[in-house]
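First the structure, in the form of structure tokens, and then the observations on it.
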Amino acid sequence: MGSRQLHSQISCMRENLFKQGFLDEQFMQLEELQDDANPNFVEEVVTLFFKDSARLIFNIEQALNNNPQDFNKLDNFMHQFKGSSSSIGAKKVKNECTQFKEYCKIGNGEGCIRTFQQVKKEHAALRKKLESYFQLVRQAGPMQSASRPR
């Protein structure tokens, strides 16, 4: 595949991540911080997010299995997860985290469990899409500067 085709595919893939609601404005702000001195900045930040979120997912699963459930502890873990999701622009994950926190506020354990399954589903979907995206970016080499989706 030629460089022009590859860059076009990357641009289309990126645009779809926004159109489908996986990413928001914060991701573009991360892209704006990337420069020639640190050409892999966004990928590195996203990689750190996925490493940290794996730890948080484990902690939340453990806390959900406790009986009785400690909703303050669950809320604190999810607050961290929501914050890191927000920092990379993971819109769908962040929205599910918000819903989970609402269930914590009212002490709804079943709602927390259901919503956590959705958090994990959105997290896994985003991870898969971003892994494919960054694989193409690495294959293409240096790209033009970030542009806003239409």
Side-chain angles (χ1 to χ4, degrees), residues 6-35 38-140 143 145-150:
L6 203 50
H7 285 287
S8 176
Q9 187 178 356
I10 291 166
S11 180
C12 184
M13 184 183 272
R14 180 183 174 278
E15 188 174 329
N16 283 332
L17 286 167
F18 287 95
K19 283 182 178 177
Q20 294 168 1
F22 284 100
L23 298 174
D24 65 20
E25 183 84 14
Q26 183 61 36
F27 188 82
M28 287 183 265
Q29 290 178 10
L30 276 180
E31 289 177 321
E32 289 171 7
L33 295 173
Q34 185 165 290
D35 58 20
N38 198 352
N40 300 319
F41 177 75
V42 177
E43 184 176 7
E44 290 168 7
V45 170
V46 168
T47 299
L48 288 172
F49 162 74
F50 284 115
K51 283 181 182 175
D52 187 53
S53 59
R55 176 187 57 83
L56 289 169
I57 286 171
F58 176 80
N59 289 342
I60 293 166
E61 284 175 336
Q62 296 297 336
L64 281 171
N65 289 329
N66 288 343
N67 197 1
Q69 292 169 331
D70 182 342
F71 291 105
N72 286 329
K73 185 183 231 180
L74 284 165
D75 186 66
N76 286 336
F77 284 142
M78 193 54 74
H79 182 75
Q80 291 174 46
F81 199 163
K82 181 181 174 187
S84 59
S85 299
S86 183
S87 73
I88 68 154
K91 184 177 180 180
K92 285 185 177 186
V93 175
K94 179 184 72 171
N95 291 344
E96 291 300 330
C97 291
T98 299
Q99 184 60 54
F100 183 98
K101 287 174 62 61
E102 290 300 316
Y103 283 125
C104 284
K105 283 182 189 173
I106 61 173
N108 183 337
E110 287 301 314
C112 286
I113 291 168
R114 273 194 321 275
T115 306
F116 186 57
Q117 295 309 311
Q118 196 61 30
V119 168
K120 291 193 302 184
K121 177 182 167 194
E122 294 299 345
H123 179 268
L126 178 65
R127 182 179 200 136
K128 184 177 180 182
K129 288 180 180 293
L130 286 177
E131 284 174 350
S132 297
Y133 172 75
F134 287 121
Q135 182 179 4
L136 279 179
V137 168
R138 283 190 307 274
Q139 191 177 337
M143 280 181 55
S145 61
S147 59
R148 302 204 181 276
R150 293 176 212 147

What pairs with [X] under side chain to side chain donor-acceptor pair (under 3.5 Å), at least two apart in sequence or on another chain?
| X | answer |
| --- | --- |
| Glu131 | Arg127 |
| Gln135 | none |
| Lys120 | Glu61 |
| Asp52 | Arg55 |

Got a sec, which residues hit side-chain contact (heavy atoms from CB on, under 4.5 Å) with Gln69, two or more places apart in sequence or on another chain? Leu64, Phe71, Leu74, Ile113
Please enumerate all residues that pass side-chain contact (heavy atoms from CB on, under 4.5 Å) together with Gln62, with sequence neighbours excluded. Phe58
Could you pull out all residues at least two apart from Phe49 that satisfy ring-ring contact (aromatic ring centres under 6.0 Å, His included)?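 Phe49: ring-ring contact (aromatic ring centres under 6.0 Å, His included) contacts with His123.
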[X] versus [Y], closest heavy-atom pair with distance:
| X | Y | result |
| --- | --- | --- |
| Lys92 | Gly21 | CG-O, 3.1 Å |
| Val42 | Gln34 | N-OE1, 2.9 Å |
| Phe77 | Leu56 | O-CD2, 4.0 Å |

Distance (rounded to the nearest 0.5 Å) between Arg14 CZ and Glu31 CD: 4.0 Å
Working to the nearest 0.5 Å, report the span between CG of Asn108 and OG1 of Thr115.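 Nearest 0.5 Å value for the CG-OG1 distance: 8.0 Å.
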Measure the shortest side-chain to side-chain distance between [X] and [Y] over non-hydrogen atoms and say whether it is less than 4.5 angstrom.
| X | Y | answer |
| --- | --- | --- |
| Phe100 | Lys82 | no |
| Ser132 | Met13 | yes |
| Phe134 | Asn40 | no |
| Phe27 | Phe18 | yes |
| Leu130 | Leu23 | yes |

Provide the full list of salt bridge (Lys or Arg N to Asp or Glu O under 4.0 Å) pairs with a residue in residues 95-104, sequence neighbours left out, each pair given once. Asp75-Lys101, Glu102-Lys105
Which donor-acceptor pairs under 3.5 Å do the side chains of residues 84-91 make with protein atoms, sequence neighbours left out?
residue, atom, partner, partner atom, Å
Ser84, OG, Gln80, O, 3.3
Ser84, OG, Phe81, O, 3.1
Ser85, OG, Phe81, O, 2.8
Ser87, OG, Ser84, O, 2.7

Under the salt bridge (charged side-chain N to carboxylate O under 4.0 Å, His left out) test, residues paired with [X] that sit two or more places apart:
| X | result |
| --- | --- |
| Glu43 | Arg138 |
| Glu44 | none |
| Lys94 | Asp24 |

Between Ser11 (side chain only) and Ser8 (backbone N and O only), is there a donor and an acceptor less than 3.5 Å apart?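 Side chain of Ser11 to backbone of Ser8, a donor-acceptor pair under 3.5 Å: no, none is there.
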Could you tell me whether the side chain of Lys129 and the main chain of Asn16 form a donor-acceptor pair under 3.5 Å?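 No.
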